[in-house]
Structures are given as structure tokens and as C-alpha cells.
Amino acid sequence: MSHRAPIITIDGPSGAGKSTLGRMLARALNLLYIDTGAMYRAVALAVLRAGVNINDRQAVAEIARRARIELAGDPNDVRVTLDGEDISQEIRSEQVSHLASIISAIPEVRREMVRRQREMGARGGVVLDGRDTGTVVFPNADLKFFLTATPEERAQRRYEEERARMQDRAFDDVLREINLRDERDSTRDDSPLRIAEDAVVIDTTELSIEEAFQRMMEVARARGLTEAR
Ligand code: DC
């Protein structure tokens with residue numbers, strides 16, 4: 001392992017538990033948590049607000065380059081701001097989720113986000129959660145996880161999260177949307193979701209959050225990544 005502080009990546013489809021487990025891992029190992037999906041969501045919201053046509057790739061790319069996106073707060077309370085405004089709640093809507101999956105396929109948008117993510121993690125001491133963090137953003141990461149679960153289980157988790165936020169939708173709609181997003185995220189030409197060769201794959205379908213977390217910690221410990229910094 002290199003001498004800089006560690007870089008841990010967590011990739012996988014939506015609803016696999018990446019953000020919950022990423023935050024838990026960051027807290028336990030005293031690392032900074034970087035939610036890369038939130039960055040694509042922030043760009044999607046900026047595009048929505050600017051009212052530009054999402055087929056106008058140049059205009060969307062320009063918005064991505066101009067957007068001032070900040071991820072602040074500790075792992076227990078991550079805040080996302082766009083040009084200084086707190087958009088943490090707004091970027092979780094179904095509309096933004098849908099749009100983020102579309103604009104994240106644009107190579108110029110990806111190039112800009114990847115450049116920023118590398119800058120944020122350059123000195124190490126980070127846990128990144130996304131779709132390409134171990135394959136593209138930090139191929140030399142110290143530890144890579146790929147989290148997955150069956151589509152039905154992932155849809156069930158989303159469904160429960162949305163109900164908790166009083167956004168009541170039929171389960172079948174949630175499942176359909178998850179499948180659509182997975183398909184789009186996995187089949188795009190630029191940086192599709194895929195498992196890095198050296199990733200530790202964990203299927204969380206039958207695991208509780210605590211069980212999944214313990215497995216990740218065991219792997220981290222085995223790689224010497226436990227000392228509090
Ligand atoms: O993880 P999430 O659901 O917040 O991500 C939102 C969208 O952004 C998702 O459709 C995939 C895309 N994304 C990506 O293309 N690359 C990443 N590193 C993270 C997210």
C-alpha cells in the first residue's frame with residue numbers, strides 16, 4: 001500500500017447500500033465521504049433549472065463546467081450545495097434521479113466530474129461512492145468494493161425510503177424505474193457500471209446493514225486499513 005492516506009471506492013447499482021455503508025465506513029475509519037452520484041444529481045438539477053434541452057449536449061456540458069458543487073458536512077449529515085444553495089433534499093426527487101441517469105452518460109459531463117473527484121481525493125483519506133469510482137476515477141484505489149443486491153430487494157429499499165419521505169409510489173413503478181436506470185447506467189458507452197477486476201464483491205440481498213458493514217470492515221482490517229487517523 002502507498003504512503004498517502006487510503007482511497008476506498010464503492011461502486012454498484014442504485015439501492016445496493018453504497019451510501020449508507022460508505023458513510024459508516026468513512027466514520028469508522030475517519031475518512032472523508034464523497035458521494036459522486038450527488039454531483040451528477042446537482043448537474044441534473046442545474047440543467048432542469050436552466051431549462052436547457054437535455055439533447056443539447058454542449059449546453060449541458062457547459063452547465064456542468066460552471067456549476068459550483070460542494071459536498072460538505074460530516075458523514076452523518078452530508079450537505080450538497082449548488083452555487084451556494086443547499087439542494088440536499090431537492091436532488092433526491094424522482095425527476096432529478098431520472099435526469100441524472102441521462103446527463104451522466106454525456107462524456108463531457110463525466111470528464112468534468114471525474115476531474116473534480118480526482119482533485120477532491122488526490123491526497124487520499126476518502127471513501128467514494130458511485131458507478132465508476134474504482135474503474136475510472138481511482139483505478140489505483142487501495143480498496144475497492146462492488147455492492148449489489150437483486151433488483152427486487154433494491155426496489156424494496158427505495159420504496160421504503162420514499163415512503164418515509166412521504167413520497168408514495170407504487171412498488172412496481174419503483175422497480176421499473178430502478179431497472180431502467182440500471183440498464184442506462186450499465187450500457188452507456190462512457191464508463192458504464194462494471195465490476196473492477198480487483199473489487200471485493202458483496203451481495204447485500206440477504207444481509208442487514210450491520211452485517212454488510214462488518215464484512216466490509218473485515219476486508220478493510222485485512223488490508224491494514226483500521227488505524228484511526
Ligand atoms: O448513486 P446515485 O443514484 O445518486 O447516482 C445518480 C446517477 O448518477 C445514476 O443514475 C448514475 C450516475 N452516476 C454515474 O454515472 N457515475 C457515478 N460515479 C455516480 C453516479
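Counting convention: from 1, in listed order, for ligands and their atoms alike. Hydrogens, waters and symmetry mates are skipped; everything else that's a heavy atom, side chains included, is used.
Considering both main-chain and side-chain atoms, Ser97 never comes within under 3.5 Å of ligand 1 through any nitrogen or oxygen pair. For ligand 1, one of its N or O atoms has an N or O atom of Arg110 under 3.5 Å away. Ligand 1 has no nitrogen or oxygen under 3.5 angstrom from a nitrogen or oxygen of Thr133. In terms of polar-atom proximity, defined here as any N/O pair under 3.5 Å, Asp35 makes no such contact with ligand 1. Residue Arg158 has no N or O atom closer than 3.5 Å to an N or O atom of ligand 1.
Counting the atoms of ligand 1 from 1 in the order shown, those under 4.0 Å from a heavy atom of Ser101 are 10 (O). Of all atoms in ligand 1, numbered sequentially from 1 with element shown, those under 4.0 Å from a heavy atom of Asp132 are 16 (N), 17 (C), 18 (N). Less than 4.0 angstrom separates some heavy atom of Arg41 from each of these atoms of ligand 1: 2 (P), 3 (O), 4 (O), 6 (C). Close approach of ligand 1 to Ser104 is summarised as follows: ligand atoms under 4.0 Å from at least one heavy atom of the residue are 12 (C), 15 (O).
Looking only at heavy atoms of the protein, atom 8 (O) of ligand 1 is closest to Tyr40 CB, 3.6 Å. Counting protein heavy atoms only, atom 19 (C) of ligand 1 is closest to Thr36 OG1, 3.3 Å. Counting protein heavy atoms only, atom 3 (O) of ligand 1 is closest to Arg181 NH2, 2.6 Å. Considering only non-hydrogen protein atoms, atom 11 (C) of ligand 1 sits nearest to Asp185 OD2, 3.4 Å. Here the heavy atom of the protein found nearest to atom 20 (C) of ligand 1 is Gly37 CA, 3.5 Å. Looking only at protein heavy atoms, the nearest one to atom 7 (C) of ligand 1 is Ala100 CB, 3.9 Å.
Ser101 and Arg181 form no side-chain donor-acceptor contact under 3.5 Å, judged by distance and modelled atom types alone. Residues Asp11 and Thr133 bring a donor and an acceptor atom of their side chains to less than 3.5 Å of each other. Judged by distance alone, the side chains of Gln214 and Glu218 never bring a donor and an acceptor atom under 3.5 Å apart.
Tyr159 pairs by the ring-ring contact (aromatic ring centres under 6.0 Å, His included) definition with Phe171, not counting sequence neighbours.
Once rounded to the nearest 0.5 Å, the distance linking OG of Ser14 with CZ of Arg131 reads 5.5 Å. Rounded to the nearest 0.5 angstrom, Phe146 CZ and Ile10 CD1 are separated by 12.0 Å.
Heavy atoms only, all atoms of each residue included: Asp83 and Ala67 are closest at OD1-C, 4.0 Å.
Residue contacts with ligand 1, taken as heavy atom pairs separated by less than 4.0 Å, do not involve Met113 at all.
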**Study point:** Check against salt bridge (charged side-chain N to carboxylate O under 4.0 Å, His left out), Arg169 and Glu94
**Key:** CA-CA 10 Å; Arg169 274 203 295 155; Glu94 194 204 333; 3.3 Å; yes
Exercise for review: Apply salt bridge (charged side-chain N to carboxylate O under 4.0 Å, His left out) to the pair Glu112 and Arg115, showing each step before the final yes or no.
Suggested key: CA-CA 5 Å; Glu112 175 65 17; Arg115 185 186 67 74; 2.9 Å; yes
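Around CZ of Arg27, the count of heavy atoms belonging to other residues, nucleotides or ligands within 6.0 Å exceeds 12.
Between the choices Arg188, Arg184, Arg131, Met39, the shortest heavy-atom distance to atom 1 (O) of ligand 1 belongs to Arg131.
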Do any side-chain atoms of residues 32-46 form donor-acceptor pairs under 3.5 angstrom with protein atoms, and if so which ones, sequence neighbours left out?
residue	atom	partner	partner atom	Å
Tyr33	OH	Asp129	OD2	2.7
Asp35	OD1	Gly37	N	3.2
Asp35	OD1	Ala38	N	3.1
Asp35	OD2	Arg92	NH2	3.2
Thr36	OG1	Asp129	O	2.6
Tyr40	OH	Arg110	NH2	3.4
Arg41	NH1	Ile91	O	2.8
Arg41	NH1	Ser97	OG	3.0

